Colleague: 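The structure is given below, and queries will be raised subsequently.
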Amino acid sequence: MFSRRNGHQSLPRSLSVLVYLLLQTHSCKGQSQLIAPSQPIVATVGDDIILPCHLKPEADVVAMTLEWTRPDLNHIFIHVRRSGQELLRSKHPSYKGRTSVSIDELKHGNVSLKLSKVKPSDAGRYQCYIPKLDTGSVIELIVGAASSLVISLSGLDLNKGAVVLQCASSGWYPEPEVFWLDGEGNLLSAGPTETVRGTDDLYTVSSRVTVEKRHSNSFTCRVQQNHINQSRETKIHVPDDFFEVQSSSSSTTVGLAVSLAVCILVILILGFFVWKFSKSEISRSSLSNRFYTEQ
Ligand SMILES: *[C@@H]1O[C@H](CO)[C@@H](O)[C@H](O)[C@H]1NC(C)=O
Ligand SMILES: *[C@@H]1O[C@H](CO)[C@@H](O)[C@H](O)[C@H]1NC(C)=O
C-alpha cells in the first residue's frame with residue numbers, strides 16, 4: 001500500500017526481495033513503520049477513546065507532518081499536524097474540538113489519536129499517515145450504543161382471552177433486533193418491529209406480541225445488536241386472571257354499555273347548556289356592537 005522509494009538495484013533481485021521482507025518485519029533505520037492494531041476498536045456512544053497508532057522503531061515525530069484521515073469518506077481530515085502545530089483549517093467540522101494527540105507521546109513515535117465524545121457517525125476506518133516516512137496504517141472503529149428496555153401491558157383481547165404486551169427501548173446503535181420468548185425460552189412470533197431513528201442517529205425500537213395463557217405466563221423481551229455484541233432483556237409475569245375470556249353477555253360488557261350510555265347522556269346535556277349559553281352571549285355582544293356602530 002505504501003511504496004518504498006529506496007531500491008536495492010545493486011543486489012540480485014531475489015536478494016533484494018529478501019532484504020525487503022526483512023525490512024518489513026525488522027525495520028531498520030529510516031524504515032520506521034506506523035503500526036495499528038488489526039482488531040477493531042469498539043466504542044460506546046459518548047466515550048472518549050484512543051485510536052492507537054505508533055511508529056516502530058520509535059522516532060521523534062513532533063516536527064513531522066502527521067495526517068489522520070478517513071479513507072472510507074474520501075480521506076476527509078480528522079486531525080492534521082504540520083510544522084509542530086495542529087492545522088485546524090483542513091479539519092472536518094464534525095471532529096472540531098474532539099481530537100488530540102499527545103506531544104509527549106509524539107516524541108516517542110506514538111501518534112495515537114484521542115477522540116472524545118464518540119458519535120454514531122464516527123464509525124468507520126481511520127488512517128494515520130506520515131508523508132515524510134511514507135508510512136501509514138488503518139484502524140477500524142466500531143461504534144455502538146445499547147440501552148435498557150421496558151415491557152408494558154398494551155391491551156387485552158377479551159374475545160380470545162389474550163394479552164398484548166409491548167416492549168420498547170431507545171438509545172441503540174446500530175439498529176438492534178427485538179425478540180420475544182416464552183417462559184421455556186421458545187421464540188414467539190411478534191408483529192413487525194417499529195423502528196425510529198432520532199436526530200442523534202440512535203434507534204428507538206418497539207414491538208408488540210399477543211400472548212395466550214400458557215404454563216408459566218412469563219414472557220421475555222430481548223433487544224440484541226450482534227455487531228457490537230450487546231443484548232438486554234426483561235421478563236414480565238402476567239397474572240392468570242388477565243387471560244380470562246369474557247363472553248359477550250357477561251356483566252362487564254353490560255356494565256360497559258351502561259356507563260357508555262350514561263356518558264353520552266352527560267355529554268348531550270352539557271352540550272345543550274353550552275349551546276344555550278353561547279347563544280345568549282352572541283345576542284348580547286351583537287346588541288352591544290350595534291349600540292356602538294349606531295353611535
Ligand atoms: C500512546 O499514547 C496514548 C495517548 O495519546 C496512550 O494512551 C497509549 O498508551 C500510548 N501507547 C503506547 C504504546 O505507548
Ligand atoms: C460477546 O460477549 C460475550 C459475553 O458478553 C463474550 O463471551 C463473547 O466472546 C463476545 N463476543 C465477541 C465477538 O466479542
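It should be emphasised that the depicted structure is a prediction, and the values quoted were computed from it without experimental measurement. First listed ligand is number 1; within each ligand, the first listed atom is number 1. Note that these values count all heavy atoms, side chains included, but never hydrogens, waters or copies made by symmetry.
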Colleague: Would one find an N or O of His54, backbone or side chain, under 3.5 Å from an N or O of ligand 1?
Modeller: no

Colleague: Backbone N or O of Leu34 within a donor-acceptor pair of the Thr135 side chain at under 3.5 Å?
Modeller: yes

Colleague: Return the closest protein heavy atom for atom 5 (O) of ligand 1 as residue, atom name and distance.
Modeller: Ser102 CB, 3.9 Å

Colleague: Would you say Ser147's side chain and Ser170's backbone share a donor-acceptor pair under 3.5 angstrom?
Modeller: yes

Colleague: Which protein heavy atom lies closest to atom 4 (C) of ligand 1, and at what distance to 0.1 Å?
Modeller: Ile50 CD1, 3.9 Å

Colleague: Determine, counting only non-hydrogen atoms of the protein, whether one lies under 4.0 angstrom from atom 14 (O) of ligand 1.
Modeller: yes

Colleague: Look at atom 6 (C) of ligand 1 and say which protein heavy atom is nearest, naming residue and atom and giving the distance to 0.1 Å.
Modeller: Asn110 ND2, 4.1 Å

Colleague: Using modelled atom types and a 3.5 Å cut-off, is there a donor and acceptor pairing between side-chain atoms of Asp47 and backbone atoms of Thr44?
Modeller: yes

Colleague: Please determine whether a side-chain nitrogen of the Lys or Arg among Lys117 and Asp48 lies less than 4.0 Å from a carboxylate oxygen of the Asp or Glu.
Modeller: no

Colleague: Looking at Glu105, which atoms of ligand 1 are within less than 4.0 Å of one of its heavy atoms?
Modeller: 1 (C), 2 (O), 10 (C), 14 (O)

Colleague: Given Glu67, which partner from the list Arg81, Arg82, Lys91, Lys132 fulfils the salt bridge (Lys or Arg N to Asp or Glu O under 4.0 Å) test?
Modeller: Arg82

